[in-house]
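Only a predicted model underlies this, so the values are computations on that prediction, with no experimental measurement involved. Here, residue 1 is the first one in the sequence, and each next residue gets the next number.
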Amino acid sequence: MKRYLIAGLILLSLGELRAADKPTSAAAGPRAQFKSLVEQVGASPSDASLRKLAIEASKKLHPAPAIPEEAERHMARGEAAFEIAKTPAEFADAIIEFQAAANAAPWMAGSYFNLGTAQEKADRPKEAIESFRLYLLAAPDAKDAPEVKKRLYKLEYASEKAAKEANNTLIVPGRSV
């Protein structure tokens, strides 16, 4: 009897090991991959490549993932901060809230649009460019996509011009410019 019990335990253990080696269909599915990417964005919020992967993964899900309450809350707070802001420095509060919304729901296009708009108002064109690119990735067929692309191109030009002017006005000791 002991031999059968031991043999059964060994077979059971081998079966569990084999099952652990094979990913379950749920674990390997698009929703599980998407969830993992969202968690990774939360752990590394400045990693734009993870955001892009999360956005692409969200497009494969039907139905689309629900927007978490936390993201909606930060969007509303960001809108309030944006409405109150008057100077570029005051838009920082809106940026913080829109970034939090984008962290909570990295696939949510509106957070990137609002973030880009606030960054543009705060005179942070390089950041605005990245946010508008993420918006267009998340919502390529949005009605305002052509206008956002045009806005993006203008920001790129302004950013390049500012960088060029900064390089031309550098004062090097002992040399005239």
Exercise for review: Work out which heavy atom in Ala101 is nearest to a heavy atom in Ala71; give both atom names and the distance.
Suggested key: CB-O, 3.6 Å
Exercise for review: Output the distance between atom NZ (Lys149) and atom CD (Glu156), rounded to the nearest 0.5 Å.
Suggested key: 12.0 Å
Review point. How many angstroms lie between atom OH of Tyr135 and atom OG1 of Thr117, to the nearest 0.5 angstrom?
Key: 9.5 Å
Point to revise | Interatomic distance, Leu53 atom CG to Gln33 atom CD [nearest 0.5 angstrom] | key: 10.5 Å
Review point. Does Pro140 reach the side chain of Lys59, with side-chain heavy atoms less than 4.5 Å apart?
Key: yes
Review point. How long is the span from the OG atom in Ser44 to the CD atom in Glu39, to the nearest 0.5 Å?
Key: 12.0 Å
Check your understanding: Partners of Glu72 by salt bridge (charged side-chain N to carboxylate O under 4.0 Å, His left out), sequence neighbours excluded?
Key -> none
Revision key, fill the gap. What one should report as the nearest heavy-atom pair of Pro68 and Ala104 is CG-O, 3.6 Å
Review point. Taking the inter-plane angle between the rings of Phe34 and Trp107 on a 0 to 90° scale, is it parallel (under 30°), tilted (30 to 60°) or perpendicular (over 60°)?
Key: perpendicular
Exercise for review: Could you walk me through whether Leu115 and Glu127 pass the side-chain contact (heavy atoms from CB on, under 4.5 Å) test, one step at a time?
Suggested key: CA-CA 9 Å; Leu115 180 57; Glu127 294 173 32; over 6 Å; no
Review point. Between the main-chain N or O of Ala162 and the side-chain N or O of Glu165, is there a donor-acceptor pair closer than 3.5 Å?
Key: no
Check your understanding: How many angstroms lie between CZ in Arg151 and CG in Leu136, if you round to the nearest 0.5 Å?
Key -> 11.0 Å
Review point. Side-chain contact, heavy-atom cut-off 4.5 Å: Phe91 with Gln119?
Key: no
Practice item. Output yes when a side-chain donor or acceptor of Arg51 lies under 3.5 Å from a complementary backbone atom of Ala102, and no otherwise. Key: yes
Practice item. Step by step, work out the side-chain contact (heavy atoms from CB on, under 4.5 Å) result for Phe98 and Asn103. Key: CA-CA 9 Å; Phe98 292 137; Asn103 292 343; over 6 Å; no
Review point. Do Phe82 and Asn114 touch side chain to side chain, with heavy atoms closer than 4.5 Å?
Key: no
**Study point:** Beyond-backbone contact of Arg31 with Leu61, side-chain heavy atoms, under 4.5 angstrom
**Key:** yes
Check your understanding: Are Leu37 and Met108 grouped together when hydrophobic residues (ILVMFWY) are joined by side-chain heavy atoms under 4.5 angstrom apart?
Key -> no
Point to revise | Pairwise side-chain contact, Ile95 with Arg124, heavy-atom cut-off 4.5 Å (strictly under) | key: yes
Exercise for review: Treat each ILVMFWY residue as a node, draw an edge where side-chain heavy atoms are under 4.5 Å apart, and state whether Val38 and Met75 are in one component.
Suggested key: yes
Review point. Salt bridge or not for Glu120 and Lys154, using N-O below 4.0 Å?
Key: no
Practice item. Work out which heavy atom in Ala139 is nearest to a heavy atom in Ala109; give both atom names and the distance. Key: CB-CB, 3.7 Å
Point to revise | Distance, nearest 0.5 Å, that separates CD of Glu97 from CD of Gln99 | key: 10.0 Å
**Study point:** Joint cluster assignment, Tyr112 & Ile67, ILVMFWY side-chain distance < 4.5 Å
**Key:** no
**Study point:** Check: Asp47 side chain, Leu50 main-chain N or O, donor-acceptor pair, under 3.5 Å
**Key:** yes
Point to revise | Cluster overlap Phe113 with Ile55, hydrophobic side-chain contacts below 4.5 Å | key: yes
Check your understanding: Is it true that Glu70 and Arg73 make a salt bridge, defined as a side-chain N closer than 4.0 Å to a carboxylate O?
Key -> no
Exercise for review: Treating Ile, Leu, Val, Met, Phe, Trp and Tyr as nodes and any side-chain heavy-atom pair under 4.5 angstrom as an edge, say whether Leu137 and Val148 lie in one connected cluster.
Suggested key: yes
